[in-house]
Amino acid sequence: AREMMRRAQDLTKSGRIRQGLAVLDEMVQMGLQPSIYCINILLATLTNLRKVEEAEALLDRMPTLNIEPDLITFTTLMKAYALDGQLDKASKLLAELGLSGLKADLTAWNTLVHAMASNGMMNEAASIFEKMRASGLEPDVVSYSTLIGGWARVGRMDMALQVLADMKERGVEPNGVSYANLLKGWCKKGDLEKAEGIMDELKQREGIEEESIGYCYAILVNGYVESGNLERAVELFDEVLARDANQHDAMYSTIIKGFTRAKRMEEAQGLVDKLKATGRPINPWIFNTLLNGWFLNGQPDMALELVETMKKEGVHPDQITNNTLIKGLSMNQRMDDALVFFEQMKADKTVDVRTYTTLITAYTKSGDTARAQELYAEMAQFGIKPD
RNA sequence: AGAUUGUAGUAUUGCUU
């Protein structure tokens with residue numbers, strides 16, 4: 001049974017979901033009983049792939065597999081619904097745990113708070129937070145950090161800071177994530193001075209892991225890039241690299257993004273060359289960032305050349321690479337070239353809603369609404385829902 | 001007994017803002 005579950009997981013993870021789930025049927029025929037542990041792993045895999053319908057179907061099948069869903073099962077599915085924006089269903093799952101003889105724990109409550117917060121529903125998030133407390137559970141650092149992140153996300157830094165004060169008062173120590181969420185909020189607002197202030201407080205605090213500090217710096221550097229202060233970003237870039245090797249790839253892609261936006265392609269290219277010289281494999285994010293940069297700067301031929309170079313270096317184009325190519329080529333009046341990549345993606349079954357939106361937008365802008373309509377109709381054939 | 005099972009924070013692609 002273990003062997004078969006492993007096979008099911010491998011198939012599912014690699015995107016062959018049908019075949020993966022079919023293994024369960026085989027098991028039933030052979031009289032083997034899958035464990036709840038393994039089913040939950042499958043469910044988490046589907047959730048992380050955003051395959052909500054498949055996750056839902058798996059839950060529905062559990063009775064025929066003679067398995068009782070447990071709290072982890074339901075929490076995983078709540079997350080799946082949240083990622084899909086189906087907040088009513090997520091709430092209902094928690095509310096109906098009792099029907100299965102289960103009771104929500106801190107993780108389940110936190111998942112639901114996050115479901116609301118990540119979808120901008122902060123009144124709901126706060127109300128669920130209170131219900132959790134009323135049920136006798138003490139909110140932990142995750143609960144508070146989730147609320148901070150939610151308020152920051154909707155631009156209510158006053159509320160985010162209030163939550164920070166609340167947690168301190170209640171004796172829950174803020175951690176790196178609590179501060180990262182605040183930083184992100186200030187960066188999003190473009191208030192880098194306030195962000196620096198948070199950074200100072202973070203550095204003075206005892207017990208914050210070095211790894212979290214590096215993570216926070218990465219947020220700050222990106223904030224400077226987004227606000228157009230490339231010089232300060234570059235200054236911090238070296239500091240961060242010296243401080244935390246984990247941030248290496250994120251730092252490079254962030255700074256390369258900055259250079260490409262500032263039309264400083266020589267410097268962007270220079271950083272990639274520097275990485276190549278180390279002989280270590282280049283992170284696809286870095287490569288994709290530079291690729292997009294060539295298109296932004298109106299140099300589609302440089303972009304195509306880059307793709308060839310990277311292939312030779314053993315970096316293979318992924319879905320984002322192809323979407324970047326399709327967008328870049330179509331916005332540089334190279335529709336025919338874009339369609340070559342589009343056909344390739346369809347053959348690989350890697351097209352997604354962005355691929356279609358890109359092309360539909362391009363055709364609409366060029367006045368070819370008939371082609372746009374066609375593509376819209378075609379999406380459904382690939383099981384892609386318009387958003 | 002064992003096993004990669006659920007919750008919060010960075011970088012690249014579309015539309016919206």
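In what follows, chains are A, B, ... by sequence order, proteins preceding strands, each numbered from 1.
- At most 12 non-hydrogen atoms from other residues, nucleotides or ligands lie less than 6.0 angstrom from CD of A:Glu209.
- Backbone-only contact: A:Thr289 has heavy atoms under 4.0 Å from sugar-phosphate atoms and none from a base.
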Check residues 331-339 of chain A and write down every donor-acceptor pair under 3.5 Å in which the side-chain atom is one partner and the other belongs to a residue at least two apart or another chain.
unit_1   : atom_1 : unit_2   : atom_2 : d
A:Asn332 : ND2    : A:Gly328 : O      : 2.7
A:Arg334 : NE     : A:Asp337 : OD2    : 2.6
A:Arg334 : NH1    : A:Asp301 : OD1    : 3.3
A:Arg334 : NH2    : A:Asp301 : OD1    : 3.4
A:Arg334 : NH2    : A:Asp337 : OD2    : 3.2

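- Centre separation under 5.5 Å together with a plane angle under 30° holds for the ring of A:Trp285 and the six-membered base ring of B:rA11, marking them as stacked.
- Using a 4.0 Å cut-off between charged nitrogen and carboxylate oxygen, A:Arg18 and A:Glu54 do not count as a salt-bridge pair.
- Considering only side-chain atoms of A:Val142, the nucleotide from B:rU7, B:rU12, B:rG6 that sits closest is B:rU7.
- Salt bridge annotation for A:Glu26-A:Arg7: present, with a cationic side-chain nitrogen under 4.0 angstrom from a carboxylate oxygen.
- A straight line from CD1 of A:Ile39 to P of B:rU5 spans 15 Å, rounded to a whole angstrom.
- Under 4.0 angstrom from either OP1 or OP2 of B:rU13 there lies no side-chain N or O belonging to A:Lys327.
- The residue A:Gln319 sits apart from the nucleic acid: no heavy atom pair falls under 4.0 Å.
- At B:rU12, one or more side-chain N or O atoms of A:Lys257 fall inside 4.0 Å of OP1 or OP2 (strictly under the cut-off).
- Residues that satisfy the side chain to side chain donor-acceptor pair (under 3.5 Å) test with A:Gln33, not counting sequence neighbours, are absent from this structure.
- Using a 4.0 Å heavy-atom cutoff across all strands shown, A:Leu147 reaches no nucleic acid atom at all.
- If you measure from atom CZ of A:Phe295 to atom C1' of B:rG14, you get 14 Å, rounded to the nearest angstrom.
- Looking at the side chain of A:Asn110, the nearest of the listed nucleotides B:rU13, B:rG9, B:rU7 is B:rU7.
- Interface remark: the A:Asn48 side chain does not form any donor-acceptor pair with the B:rG6 base, using a distance-only criterion of under 3.5 Å.
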Exercise. For RNA chain B, what dot-bracket results from Watson-Crick or G-U pairs at under 3.5 Å, with [ ] for crossers and | for inter-strand partners?
Worked result: .................

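- Among residues two or more places apart in sequence or in another chain, the side-chain contact (heavy atoms from CB on, under 4.5 Å) test is passed with A:Asp238 by none.
- Residue A:Met310 contributes atom CE, which lies 13 Å from atom C1' of B:rU12 at whole-angstrom precision.
- Counting to the nearest Å, the C1' atom of B:rU7 and the CG atom of A:Leu77 are 14 Å from each other.
- Looking at heavy-atom distances under 4.0 Å, A:Thr324 makes contact with sugar-phosphate atoms alone, never a base.
- By the 4.0 Å N-to-carboxylate-O rule, A:Glu56 lies close enough to A:Lys89 to be salt-bridged with it.
- In this structure, A:Asp70 reaches neither bases nor backbone, as no heavy-atom distance under 4.0 Å exists between it and the strands shown.
- As judged by a 4.0 angstrom heavy-atom cut-off over every strand, A:Ile320 is placed among the base-contacting residues.
- A salt bridge is absent between A:Asp191 and A:Lys189; no separation between the charged side-chain nitrogens and carboxylate oxygens falls under 4.0 Å.
- Look at A:Lys385 and A:Asp352 and you find no salt bridge, because none of the NZ, NE, NH1 or NH2 atoms lies under 4.0 Å from a carboxylate O.
- Residue ring and nucleobase are not stacked for A:Tyr356 and B:rG14 under a centre distance beneath 5.5 angstrom and an angle between planes beneath 30°.
- If you measure from atom CH2 of A:Trp109 to atom P of B:rA8, you get 17 Å, rounded to the nearest angstrom.
- Closest approach to the A:Ala44 side chain among B:rG6, B:rA11, B:rG9 is made by B:rG6 (side chain taken as heavy atoms from C-beta onward).
- Residue-level contact check: A:Asp352 touches neither bases nor backbone, having no heavy atom under 4.0 Å from any strand.
- Among the atoms of the strands shown, only primed sugar atoms or phosphate atoms (P, OP1, OP2) are found under 4.0 Å from some heavy atom of A:Thr146.
- Residue contacts for A:Ser212: at a heavy-atom cut-off of 4.0 Å it reaches a base atom on one of the strands shown.
- Between A:Leu106 atom CG and A:Thr111 atom OG1 the span is 9.5 Å, to the nearest 0.5 Å.
- Judged by distance alone with a 3.5 Å cut-off, no donor-acceptor contact links the side chain of A:Thr254 to the base of B:rA11.
- Contact of A:Thr358 with B:rG14 (side chain to base): no donor-acceptor pair of N or O atoms is detected under 3.5 Å.
- For A:Asn175, taking side-chain heavy atoms from C-beta onward, the closest of the listed nucleotides B:rC15, B:rU5, B:rA8 is B:rA8.
- For B:rG6, its base sits under 3.5 Å from the side chain of A:Asp105 at one donor and acceptor pair at least.
- Remark: P of B:rU13 and CZ of A:Phe341 are 18 Å apart, rounded to the nearest angstrom.
- Under the 4.0 Å criterion applied to side-chain N and carboxylate O atoms, A:Lys311 and A:Glu305 are not assigned as salt-bridge partners.
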Grab the N/O contacts between the protein and nucleotides 2-4 of chain B below 3.5 Å, and write none if there aren't any.
unit_1 : atom_1 : unit_2  : atom_2 : d
B:rG2  : N2     : A:Arg2  : NH1    : 2.4
B:rU4  : O2     : A:Lys13 : NZ     : 2.9
B:rU4  : N3     : A:Lys13 : NZ     : 3.0

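- For A:Tyr356, the ring pair (Phe, Tyr, Trp, His ring centres under 6.0 Å) partners are A:Phe342, not counting sequence neighbours.
- Contact annotation for A:Thr76: backbone-only contact, meaning every heavy-atom pair under 4.0 Å involves sugar-phosphate atoms and none involves a base.
- The distance between atom CE of A:Met132 and atom P of B:rA8, rounded to the nearest whole Å, is 14 Å.
- The interatomic distance linking A:Leu241 (CG) with B:rA11 (P) rounds to 17 Å, in whole Å.
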